[in-house]
Protein chains: 2
Amino acid sequence: MATGRTHRPATRSRGIPEATVARLPLYLRALTALSERSVPTVSSEELAAAAGVNSAKLRKDFSYLGSYGTRGVGYDVEYLVYQISRELGLTQDWPVVIVGIGNLGAALANYGGFASRGFRVAALIDADPAMAGKPVAGMPVQHTDDLERIISDNGVSIGVIATPAGAAQQVCDRLVAAGVTSILNFAPTVLSVPDGVDVRKVDLSIELQILAFHEQRKAGEDAASDDGAPAPAVAKDHRKGPDGDVPAVMPA
Amino acid sequence: MATGRTHRPATRSRGIPEATVARLPLYLRALTALSERSVPTVSSEELAAAAGVNSAKLRKDFSYLGSYGTRGVGYDVEYLVYQISRELGLTQDWPVVIVGIGNLGAALANYGGFASRGFRVAALIDADPAMAGKPVAGMPVQHTDDLERIISDNGVSIGVIATPAGAAQQVCDRLVAAGVTSILNFAPTVLSVPDGVDVRKVDLSIELQILAFHEQRKAGEDAASDDGAPAPAVAKDHRKGPDGDVPAVMPA
DNA sequence: ATGTCTTTGTGAACGCGTGCACAAAGATGG
DNA sequence: CCATCTTTGTGCACGCGTTCACAAAGACAT
């Protein structure tokens, strides 16, 4: 997924493995759906099916949070919703800023998923002076000049970067300097941040490329031909090449 | 990431580990940047730094593709760009359809990252009759009724779902039935697909929730001292109990 | 040629995540 | 109170991924 994989190994999370943390939102979503249908309890088997995971894995995940189930019965839906929400920190309000109000940034601002669960879009920020003041998702866009003040005034600790790749690192540096310690990066760039700052990335083109790899694998299982020659400018010499094309020293 | 995480274990990928495949696009991006600056060769150390990974990991990743480096010198940039592109299947053209042209779908249609490398938006599809014919990103939106024909006519094997959660599974089923075998899902739902179909998901709210978890942990580190002791009070009788702690969670 | 220096490619150890399989815990019924 | 049935919680083994550390390969100078 998508997603982000640029986070620190920091698994000192007091016992809760990173892989488990990544699944908690999934469980929470399934539980919320059950809660809305007023289902009182659910077994690990049922919930696992709804979340698309193995039931043993789910039980082990919950065991890191404590023993919240009842043997012979299952888990209490409401209680579990509360526990997971608390563990994820969703019982408090997280003001978020979105920087870069282009197509994607605007779509994110309008996306309901943000506001729905403890997250509140505190400000929209863009570098284009022409955007300043224009309303997007019922909120005026503010100029980058005020970034530091906005972060500070609203106590923002989570920032979303939706700028072009070229501007991302600079924006990131300013966000971090202003006090942001968690960043969700949509720009196709590797961000470097100091220790203590978490970065997760969402990269559409990477996801597509991974799909293309598997797609190719599926399609060309027999037609393992090495397509037309797109004229590899540099033919090199790779001896152990499985295909056996053996070039010489690379030209300069 | 988005990563995406709902993909099958399908690691029978003829030797190339899934984790490596997920990093190839990252290397490719860094290499492309070097190529544009006409840098002829690059060492594993330099490239690893640019891609934000460990250099040993990078060398091992490349070793799965074959031996493309020259000891004492490094890797030939152009040649490596070609090899990785070929491995990822980017030397061919991948027609893609986007289903669900709301805020997010429209942003995706306009996103340059799609067209940039081997991917071509073949059609935009939406269920709203009012959208039909309206141009988005210089391309007329087509109605869901024609989904099967569009897939078939264009030989589409990759579909992007950007519909509301409620419609996602249904759209997914139709895509799969029409011949799509790779799906990139932006809807906040677990999709179930038959074997042989790959699904990757990008879920904004999940990413944010993971960040919130770490953010909360960072914030509460000051008072973490008392946390060292094994949590004894396992609230057992919280079960639907004295309502004192009612979940403060919200739906949707 | 020979030696030195750089950088790759990889063997091996380690740690994390996953899933099986089962004992313990509690519900339920007689 | 005992027997049986359901479902949790987890010990254990296995496999994947990461990282270290080093020998081998080639470049380059003398």
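All values below come from the heavy atoms of this structure, side chains included, with hydrogens, waters and symmetry mates left out. Convention: sequence-line order gives letters A, B, ...; per-chain numbering from 1.
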**Student:** Do B/Leu90 and B/Phe119 come within less than 4.5 Å of each other through their side chains, counting heavy atoms only?
**Tutor:**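 B/Leu90 vs B/Phe119: side chains touch.
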**Student:** Between which residue ranges does DNA chain C form stems of three or more consecutive Watson-Crick or G-U wobble pairs, both distances under 3.5 Å?
**Tutor:**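 For DNA chain C the paired stretches long enough to count as stems (3 pairs minimum) are C:1-30 with D:1-30.
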**Student:** Can you name the closest pair of heavy atoms from B/Ser157 and A/Glu215 and give their distance?
**Tutor:**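 So the two residues come closest at CB-OE2, 3.4 Å.
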**Student:** What is the separation between atom CG on A/Asp61 and atom C1' on C/dG19, rounded to the nearest whole Å?
**Tutor:**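 Distance, rounded to whole Å: 12 Å.
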**Student:** When you compare the side chains of A/Arg86 and A/Thr91, does any donor N or O come within less than 3.5 Å of an acceptor on the partner?
**Tutor:**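 No, no side-chain donor-acceptor contact under 3.5 Å.
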**Student:** Taking atom C1' of D/dG17 as reference, at what distance in whole Å does atom CG of B/Leu58 sit?
**Tutor:**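 One finds 15 Å between C1' of D/dG17 and CG of B/Leu58, rounded.
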**Student:** Quick one: does B/Val193's side chain get under 4.5 Å of B/Cys172's, heavy atoms only?
**Tutor:**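 Yes - at least one pair of side-chain heavy atoms lies under 4.5 Å apart.
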**Student:** Rounded to the nearest Å, what distance is computed from the CD atom of residue B/Glu18 to the P atom of nucleotide C/dT18?
**Tutor:**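 So the two atoms are 14 Å apart, to the nearest Å.
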**Student:** Determine whether the aromatic ring centres of B/Tyr75 and B/Phe62 lie less than 6.0 Å apart.
**Tutor:**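 So the answer is yes for these two rings.
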**Student:** Do A/Glu78 and A/Tyr82 have side-chain atoms, one donor and one acceptor, less than 3.5 Å apart?
**Tutor:**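 No, no side-chain donor-acceptor pair sits under 3.5 Å.
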**Student:** Restricting to pairs with a member in residues 19-39 of chain B, which pass salt bridge (Lys or Arg N to Asp or Glu O under 4.0 Å), not counting sequence neighbours?
**Tutor:**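 Every pair satisfying salt bridge (Lys or Arg N to Asp or Glu O under 4.0 Å) with a residue in residues 19-39 of chain B: A/Asp203-B/Arg29, B/Arg23-B/Asp61.
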**Student:** Less than 4.5 Å apart, any side-chain heavy atom of B/Thr163 and any of B/Phe186?
**Tutor:**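 No. Closest side-chain heavy atoms not under 4.5 Å.
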**Student:** Below 3.5 Å is the cut-off: list the nitrogen or oxygen pairs between protein and nucleotides 6-9 of chain D, distance only.
**Tutor:**
from, atom 1, to, atom 2, distance (Å)
D/dT7, O4', A/Gly72, N, 3.0
D/dT8, OP1, A/Ser44, N, 2.5
D/dT8, OP2, A/Ser44, OG, 2.6
D/dT8, O2, A/Arg71, NH1, 2.9
D/dG9, OP1, A/Gly69, N, 3.2
D/dG9, OP2, A/Tyr75, OH, 2.6
D/dG9, O4', A/Arg71, NH2, 2.9
D/dG9, N7, A/Arg59, NE, 2.9
D/dG9, O6, A/Arg59, NH2, 3.2

**Student:** In whole Å, I'd like the distance from the NZ atom of B/Lys57 to the P atom of C/dG11.
**Tutor:**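 From B/Lys57 NZ to C/dG11 P: 19 Å.
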**Student:** Is B/Asn54 close enough to D/dC20 that one of its side-chain N or O atoms is under 4.0 Å from OP1 or OP2 there?
**Tutor:**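 True: B/Asn54 side-chain N/O within range (under 4.0 Å) of D/dC20 OP1/OP2.
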**Student:** Take A/Arg23 and B/Lys60, find for each the nucleotide of DNA chain C with the closest heavy atom, and name the residue whose nucleotide sits nearer the 5' end.
**Tutor:**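 Result: B/Lys60.
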